[in-house]
Asker: 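Shown below is the structure under consideration.
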Amino acid sequence: RSSDLASAAPLALPNFEAAAAQLQSTVRSLRAASVKAAGADIGPRLDSLSWDLQRAEQDASRMRSDLRFLMTRVNAVPPGGRRDPNLGWDLQLFNRDLESMVRDAQWRLNDLRSLSAQAQKDPGLAPHAQRVVDAARSLQSDAQWLLFDARFDVSDLRRAGFTFESMDLDRDSRDLDQGARDLQSEAERLLGKVR
């Protein structure tokens with residue numbers, strides 16, 4: 001019996017360093033695959049967001065035109081003349097559309113923040129992120145012009161007796177401008193992250 005024990009091959013003990021190296025290699029491979037899969041998903045989502053922002057920029061531009069038209073109606077009332085009976089309703093509809101744009105900008109900002117949290121350094125995503133930055137800058141420019149126009153129009157609305165409508169216009173135009181600024185800032189942060 002003692003000879004059986006002596007002739008038995010020594011037991012091979014697991015090598016801790018080799019096992020740790022293998023585990024690290026597996027984790028790196030899984031992480032790389034996860035980043036690649038996330039990046040593949042993020043690119044199309046960024047493209048979709050850039051299209052949404054371009055549509056929002058077109059809406060902001062249209063809103064500026066609509067506001068100019070409404071203000072010609074506000075200022076067209078001759079002294080002692082009759083005001084367009086639909087003007088108050090049209091101003092309220094305009095402000096509702098503007099408020100909707102503010103909400104949409106917030107949802108887009110939430111989406112962008114979510115994408116930014118998922119994104120990692122991946123130069124392949126840079127063109128997608130750059131499109132979002134460009135669209136956000138255009139939206140911010142139109143939102144800023146809308147705010148500029150609204151600041152001048154608020155006092156005319158008050159003088160014409162549209163106090164509540166002027167307050168809504170003032171608040172919502174400022175909120176849209178701030179939302180567009182936040183979108184641009186977040187888009188630039190995301191671009192810096194993926195580059």
Side-chain angles (χ1 to χ4, degrees), residues 17-68 94-153 168-195:
E17 291 168 1
Q22 178 62 36
L23 179 61
Q24 286 177 339
S25 174
T26 302
V27 168
R28 275 194 301 272
S29 297
L30 290 173
R31 185 177 297 145
S34 174
V35 166
K36 186 174 180 181
D41 180 47
I42 290 175
R45 290 172 62 193
L46 288 173
D47 290 341
S48 177
L49 181 59
S50 71
W51 282 108
D52 285 347
L53 292 175
Q54 288 172 19
R55 282 191 297 274
E57 184 267 332
Q58 292 168 358
D59 289 343
S61 180
R62 178 187 49 80
M63 294 292 281
R64 283 188 70 208
S65 295
D66 291 351
L67 181 59
R68 281 193 296 270
F94 175 87
N95 283 328
R96 282 189 204 145
D97 287 347
L98 188 54
E99 188 178 335
S100 177
M101 286 187 67
V102 171
R103 278 193 310 271
D104 289 348
Q106 184 59 51
W107 291 333
R108 289 180 180 112
L109 179 60
N110 291 341
D111 289 345
L112 185 54
R113 285 179 174 154
S114 174
L115 290 170
S116 187
Q118 297 171 38
Q120 297 187 21
K121 184 172 179 63
D122 181 355
L125 288 176
H128 303 278
Q130 184 65 58
R131 283 191 284 276
V132 174
V133 168
D134 294 342
R137 282 182 183 153
S138 294
L139 172 60
Q140 200 284 315
S141 176
D142 271 307
Q144 188 173 28
W145 279 110
L146 180 61
L147 174 63
F148 184 73
D149 292 347
R151 283 182 175 164
F152 282 102
D153 296 336
D168 290 343
L169 176 62
D170 182 51
R171 181 193 63 238
D172 292 334
S173 62
R174 281 186 286 110
D175 289 349
L176 181 62
D177 180 64
Q178 186 59 55
R181 286 177 191 276
D182 292 344
L183 278 162
Q184 180 181 340
S185 176
E186 188 64 32
E188 289 170 350
R189 191 173 82 78
L190 171 63
L191 178 59
K193 189 175 180 182
V194 299
R195 275 187 174 156

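All heavy atoms count here, side chains included; hydrogens, waters and symmetry mates do not.
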Asker: State the CG-CG distance between Asp182 and Asp177, to the nearest 0.5 angstrom.
Answerer: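 One gets 9.5 Å once the value is rounded to the nearest 0.5 Å.
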Asker: Checking Arg171 against Asp168 for the salt bridge (Lys or Arg N to Asp or Glu O under 4.0 Å) test, could you report, in this order, the C-alpha distance in whole Å, the side-chain angles of both residues, the deciding distance, and whether it holds?
Answerer: CA-CA 5 Å; Arg171 181 193 63 238; Asp168 290 343; 3.3 Å; yes
Asker: Quick check against the 3.5 Å criterion: does Lys193 have a side-chain atom that pairs as donor or acceptor with the backbone of Lys121?
Answerer: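 A pair under 3.5 Å: no.
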Asker: Measure across Ala105 and Leu183 and return the closest heavy-atom pair with its distance rounded to 0.1 Å.
Answerer: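 So the minimum-distance heavy-atom pair works out to O-CD1, 3.9 Å.
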Asker: Assess the residue pair Gln184 and Glu188 against the criterion (side-chain hydrogen bond (donor to acceptor under 3.5 Å, both in side chains)); give the C-alpha distance rounded to whole Å, side-chain angles, the decisive distance to 0.1 Å, and a yes or no.
Answerer: CA-CA 6 Å; Gln184 180 181 340; Glu188 289 170 350; 3.2 Å; yes
Asker: Are Arg189 and Glu186 close enough, and set up right, to give a salt bridge (Lys or Arg N to Asp or Glu O under 4.0 Å), and what steps lead you there?
Answerer: CA-CA 5 Å; Arg189 191 173 82 78; Glu186 188 64 32; 2.9 Å; yes
Asker: In Å, rounded to the nearest 0.5 Å, how long is the span from CG of Leu146 to CZ of Arg174?
Answerer: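 So the CG of Leu146 and the CZ of Arg174 are separated by 12.5 Å.
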Asker: Taking the side chain as C-beta and beyond, is there a heavy-atom pair between Ser100 and Arg103 under 4.5 Å?
Answerer: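 Yes; the side chains approach each other to less than 4.5 Å.
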Asker: For the pair Leu46 and Arg131, evaluate side-chain contact (heavy atoms from CB on, under 4.5 Å) and give the outcome as yes or no after the intermediate values.
Answerer: CA-CA 8 Å; Leu46 288 173; Arg131 283 191 284 276; over 6 Å; no
Asker: Among Leu112, Val133, Val132, Leu125, find the residue that satisfies the side-chain contact (heavy atoms from CB on, under 4.5 Å) test when tested with Leu190.
Answerer: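 Exactly one pass, corresponding to Leu112.
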Asker: Please report the closest heavy-atom contact between Leu53 and Ala135, naming both atoms and the distance.
Answerer: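 Where Leu53 meets Ala135 most closely, the heavy atoms are CB-CB, 3.6 Å.
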Asker: Output yes when a side-chain donor or acceptor of Ser50 lies under 3.5 Å from a complementary backbone atom of Asp47, and no otherwise.
Answerer: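 Pair found, side chain donor or acceptor close to backbone of Asp47.
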Asker: Between Asp122 and Ile42, is there a side-chain heavy-atom distance shorter than 4.5 Å?
Answerer: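 With C-beta onward as the side chain, the pair stays apart.
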Asker: Among Glu57, Gln178, Arg181, find the one that has a side-chain contact (heavy atoms from CB on, under 4.5 Å) with Gln140.
Answerer: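 So, applying the side-chain contact (heavy atoms from CB on, under 4.5 Å) to Gln140 and each of Glu57, Gln178, Arg181, only Arg181 qualifies.
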Asker: Might you point out which heavy atoms bring Leu191 and Ala126 nearest each other, and give the distance in Å?
Answerer: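 It is CD1-O, 3.6 Å.
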Asker: Out of curiosity, Leu115 CG to Asn110 CG, how far, rounded to the nearest 0.5 Å?
Answerer: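 Spacing of CG (Leu115) from CG (Asn110) equals 11.0 Å.
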Asker: Please report the interatomic distance CG(Leu169) to CG(Leu147), rounded to the nearest 0.5 Å.
Answerer: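 Spacing of CG (Leu169) from CG (Leu147) equals 9.0 Å.
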Asker: Start with the C-alpha gap between Asp59 and Arg55, add the side-chain angles, then the distance that decides, and say whether salt bridge (Lys or Arg N to Asp or Glu O under 4.0 Å) holds.
Answerer: CA-CA 6 Å; Asp59 289 343; Arg55 282 191 297 274; over 6 Å; no
Asker: Side-chain contact test, heavy atoms from C-beta onward, threshold under 4.5 Å: evaluate it for Asp149 versus Arg68 and give yes or no.
Answerer: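 Answer yes - side chains close enough.
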Asker: Start with the C-alpha gap between Met63 and Leu67, add the side-chain angles, then the distance that decides, and say whether side-chain contact (heavy atoms from CB on, under 4.5 Å) holds.
Answerer: CA-CA 6 Å; Met63 294 292 281; Leu67 181 59; over 6 Å; no
Asker: Between Asn95 and Glu99, is the side-chain hydrogen bond (donor to acceptor under 3.5 Å, both in side chains) condition met? List the steps.
Answerer: CA-CA 6 Å; Asn95 283 328; Glu99 188 178 335; over 6 Å; no
Asker: Val194 and Ala119: which non-hydrogen atoms are nearest, and at how many Å?
Answerer: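 Heavy atoms of Val194 and Ala119 come nearest at CG1-CB, 3.8 Å.
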Asker: Specify the closest pair of heavy atoms between Ser173 and Leu98, including all atoms of both residues, with the distance to one decimal.
Answerer: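 Taking Ser173 first and Leu98 second, the nearest heavy atoms are N-CD2, 3.8 Å.
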Asker: Sort and list the pairs that fulfil ring pair (Phe, Tyr, Trp, His ring centres under 6.0 Å) and have at least one residue in residues 115-145, not counting sequence neighbours.
Answerer: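 Passing the test, one end in residues 115-145: Trp145-Phe148.
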